[in-house]
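Working notes, structure below.
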Amino acid sequence: MSAVATEAPNVPPPTRGLAGVQAALGRLLGNRAFNPAAVVVVLVVALFVVPSMFQAFWISNFMQMAVFTPVVASAGLLYGRVGLVSLGQVAPYGIGTWVTIRLAFATDLPYPVLVLIAGLVAMVLGVLIGLPALRVSGLYLALVTLMLAAGVEIVLGEIKFANGGTGFKGLASLSKIKPMRRPSWALGDTAYYRFCVLGALVLLGIAMLFLRGKPGRAWSSIRQSEAGAGGGLFAATIAKNMTVVAFNRQAAIFLIAVSIMGGVYSLWGGLLGAFFATCLLKFLTQNVVGHKFWDRFQLTLFGFGLLMNLIQGTKAMEKKGLL
Amino acid sequence: MPGLGTLWPYIIQGLAFGAVYAVTGTGLVVLYRTTGVVNLAFGAIGTMSAHIAWSIMGGSLTKPNPHGDGIRWFGYPMLVIASAGLTLLYGVWIAPKLSRRDPLVKALGMVAVALFLLGILKERWDTSKPRGLPIPKRTFKVFGAIMTTTQLAALAFSLLVVVLVSLFLTKSSTGTAMRAIANEREVSSLLGVPVRRIEALAWLGSGVICGLVYLMLPDLFNGLDQGILTWFVIGALAGAIVGQFRSLWTTFFASIVIGVVESGLAAFNHGTLKFLGVYRKMTPFIIAVIAILWISRRRTVVLAGREMQ
């Protein structure tokens with residue numbers, strides 16, 4: 001991908017061992033987009049202020065926001081960083097969710113390990129499935145990734161999500177459906193919300209490390225793994241019977257819309273986009289006009305937002321003489 | 001392995017779906033060649049128009065399958081008018097604001113329109129209730145398999161559209177202007193080609209094609225399912241990708257093959273090859289990916305001369 005290579009910044013020489021870790025940490029903390037003070041403030045608010053101020057309903061929504069943040073960031077950064085629009089970022093998200101749920105029922109592995117495996121599997125499958133897509137960019141990439149998302153939706157819709165049964169699919173009869181397990185130390189919503197916040201932080205930290213590196217195929221693969229691990233966190237937010245709705249074609253274009261609306265040049269865009277997608281609508285539903293209005297009109301709202309974003313962006317580019 | 005006798009009804013069904021893929025692909029290719037826009041909202045606009053027609057024809061919870069009897073026959077032309085109007089409205093009002101951006105951003109504009117319309121569809125027409133938009137039809141037998149007039153009309157219509165559009169692009173002055181804009185938009189403008197008017201015409205044509213496609217689709221799918229109808233366009237894109245958004249005839253034949261294979265695989269509904277039937281809906285996507293592998297083998301991708309890498 002020549003276009004990708006030309007946009008790569010100066011890459012520091014590879015370092016190993018402790019020096020490598022120090023260099024990575026330095027890159028992480030030295031990045032303006034990941035200002036340590038701002039991160040600490042957000043983290044304190046998310047971990048301590050939010051649980052003490054809000055009731056269960058809102059904790060549940062903030063949990064969804066925490067889960068969605070790295071997924072939105074993964075889609076947004078691909079566009080903002082290297083100009084690649086992937087309309088199929090829900091595919092690794094869905095794969096990560098499926099893997100986590102299946103392994104949660106089949107094994108006793110600790111939950112964080114499941115999330116890690118989900119990220120790795122999503123990355124490997126994402127690269128294998130998306131190998132043809134990695135050879136193209138621009139409009140073609142957007143179309144191919146949309147098709148890949150549609151393909152994964154069909155597969156997930158067919159094999160369904162495990163619910164405590166046996167065999168490869170792990171499907172049980174209606175009367176034998178089991179609830180999805182959570183980490184033993186994060187069984188309640190508030191505790192699991194905190195776990196999601198920390199998980200999202202780790203994933204954003206990994207993303208930030210790679211932001212300073214050379215964007216290329218490996219970089220692109222990491223975006224898949226973040227979405228996959230995000231799926232791992234998402235898996236236990238639904239108690240029973242996960243469905244493919246969260247990973248369908250509509251969700252695919254919804255994800256790119258909120259990514260662009262949140263901002264594609266910084267990780268904070270992921271946070272803002274996830275806020276739009278999860279909490280803003282609930283706020284409007286609870287406080288402005290009726291419940292069904294916002295619930296049904298949410299797609300219209302995001303469609304309008306995306307269109308305005310594109311038009312305003314075009315006007316700004318014209319003013320700067322970039323078009 | 002099913003025999004030809006078993007496969008034949010599926011092939012007939014596949015020919016009809018392939019034909020509708022082909023018409024949709026033609027609409028997408030013509031618009032892309034003229035304006036650089038991949039109309040990802042094609043399905044949403046068509047589905048919205050079909051629902052408008054459904055309401056005009058008196059569709060309701062108590063009457064989910066209204067017929068065009070009496071004055072309500074007006075619903076059918078309204079479907080095409082609504083589709084053409086919505087598409088043209090975007091083409092003359094919003095599209096010029098993004099005309100200087102690359103095809104990717106233009107496509108994202110259409111994604112925005114799709115989301116916008118999907119929200120309205122969800123609000124105005126509850127997605128959970130089954131409904132249909134049947135059109136008057138008859139059935140007859142072809143080599144023992146039942147075929148409907150809608151399926152025959154889809155086949156004839158697709159062939160007609162490809163022939164007429166090909167002739168229009170090569171023989172008429174407006175078609176020549178469209179091709180000129182596709183190759184060199186700025187130069188064409190300098191030479192006096194009315195770019196905006198020609199582009200508006202392309203939007204209108206695409207909208208009319210969309211309306212005609214969605215006149216047939218609900219009948220072919222036996223229902224007005226918002227999800228299926230809206231995302232039908234993604235499958236149809238596969239044919240256009242095989243044709244590299246340039247060749248109408250390649251798009252046509254690829255679409256027909258996709259439709260026949262997708263439908264034909266439904267015959268594999270038992271035994272070791274059952275998975276072929278189960279995952280048959282992946283056919284357009286797999287064919288599109290194979291096409292991209294083939295197209296990108298020289299690591300150069302060109303879509304109608306607009307995009308190079």
Side-chain angles (χ1 to χ4, degrees), chain A residues 1-3 79 83-85 87 129-133 135-144 146-155 157-159 248-250 252-254 256-257 260 292-293 295-311 313-315 317-318 323, chain B residues 32 36 38 40-41 44 94 97-109 111-124 126-127 227 230-231 234-235 237-238 240-241 245 275 278-282 284-286 288-290 292-293 295-297 299 301 303 306-309:
Chain A
M1 286 191 284
S2 58
Y79 184 31
L84 300 178
V85 168
L87 294 177
I129 297 171
L131 214 54
R135 299 185 67 177
V136 294
S137 65
L139 178 61
Y140 241 157
L141 179 74
L143 297 180
V144 172
L146 183 60
M147 296 209 164
L148 289 173
V152 170
E153 179 197 340
I154 290 169
V155 174
E158 188 55 43
I159 64 175
N248 63 16
R249 279 159 266 199
Q250 184 175 296
I253 64 169
F254 181 74
I256 196 67
I260 293 173
K292 285 189 174 174
F293 180 83
D295 190 38
R296 289 175 170 174
F297 258 126
Q298 58 169 305
L299 294 174
T300 301
L301 195 68
F302 284 104
F304 182 74
L306 175 59
L307 200 55
M308 287 301 106
N309 192 304
L310 296 174
I311 291 172
T314 305
K315 282 182 180 170
M317 289 177 81
E318 282 171 347
L323 288 176
Chain B
Y32 184 81
V38 173
L40 292 174
I94 308 290
K97 298 183 197 302
L98 300 173
S99 64
R100 298 179 73 184
R101 299 297 296 272
D102 59 83
L104 180 61
V105 174
K106 291 176 182 174
L108 285 175
V111 165
V113 174
L115 279 174
F116 187 87
L117 296 179
L118 278 169
I120 296 174
L121 275 168
K122 212 174 171 188
E123 161 62 23
R124 178 64 187 81
D126 188 353
T127 53
T230 302
W231 302 117
I234 299 180
L237 269 170
I241 287 176
F245 281 88
F275 72 95
V278 171
Y279 294 108
R280 67 191 179 86
K281 287 183 181 171
M282 292 178 74
F285 316 129
I286 291 171
V289 170
I290 291 170
I292 284 162
L293 272 174
I295 294 164
S296 64
R297 69 192 185 282
R299 302 190 66 77
V301 175
L303 293 182
R306 284 182 181 275
E307 185 178 334
M308 283 182 281
Q309 182 191 335

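Chain identifiers are assigned alphabetically (A, B, ...) following the order of the sequence lines, protein sequences preceding nucleic acid strands; residue numbering begins at 1 within each chain.
From Met282(B), atom CE reaches atom CD of Glu153(A) across 10.5 Å, with rounding to the nearest 0.5 Å. Between the NZ atom of Lys281(B) and the CD atom of Glu158(A) there is a distance of 9.5 Å, given to the nearest 0.5 Å. Distance NZ/Lys122(B) to CG/Leu299(A): 5.5 Å, rounded to 0.5 Å. Rounding to the nearest 0.5 angstrom, the gap separating the CG atom in Leu115(B) from the CD1 atom in Ile253(A) is 4.0 Å. Atom CG of Leu118(B) is separated from atom CZ of Phe254(A) by 11.5 Å, given to the nearest 0.5 angstrom. Rounded to the nearest 0.5 angstrom, Lys97(B) NZ and Leu307(A) CG are separated by 9.5 Å.
Contact count versus chain A (heavy atoms, under 4.5 Å) is highest, among Leu108(B), Val278(B), Val105(B), Leu98(B), for Leu108(B). Highest contact tally toward chain A, considering only Asp102(B), Thr230(B), Ile120(B), is held by Ile120(B) [criterion: heavy-atom pairs under 4.5 Å].
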**Item:** From CA spacing to verdict: side chain to side chain contact (heavy atoms under 4.5 Å, CB included), Glu123(B), Thr300(A)
**Value:** CA-CA 10 Å; Glu123(B) 161 62 23; Thr300(A) 301; over 6 Å; no
**Request:** Show your working on side chain to side chain contact (heavy atoms under 4.5 Å, CB included) between Leu306(A) and Phe116(B) and close with a plain yes or no.
**Result:** CA-CA 9 Å; Leu306(A) 175 59; Phe116(B) 187 87; over 6 Å; no
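Of all heavy-atom pairs between Ala288(B) and Met147(A), the closest is CB-SD, 3.3 Å. Shown here for Ala150(A) and Phe285(B), the closest heavy-atom pair between the two residues is CB-CZ, 3.5 Å. The two atoms that bring Leu310(A) and Gly109(B) nearest to each other are CD1-N, 3.5 Å, heavy atoms only.
In this structure, chain B has a heavy atom under 4.5 Å from the side chain of Ile260(A), while its backbone stays farther away. Looking at Ile94(B), the atoms closer than 4.5 Å to chain A (heavy atoms on both sides) all sit in the side chain, from C-beta outward. For chain A, no part of Ile286(B) is nearby; none of its heavy atoms comes within less than 4.5 Å. For Glu318(A), the part lying under 4.5 angstrom from a heavy atom of chain B is the side chain only. Heavy atoms of Met317(A) lying under 4.5 Å from chain B belong exclusively to its side chain.
Looking at Asn248(A) and Trp231(B), their side chains never come closer than 4.5 Å, going by heavy atoms from C-beta outward.
No more than 12 heavy atoms of other residues, nucleotides or ligands shown are found within 6.0 angstrom of CZ on Phe304(A).
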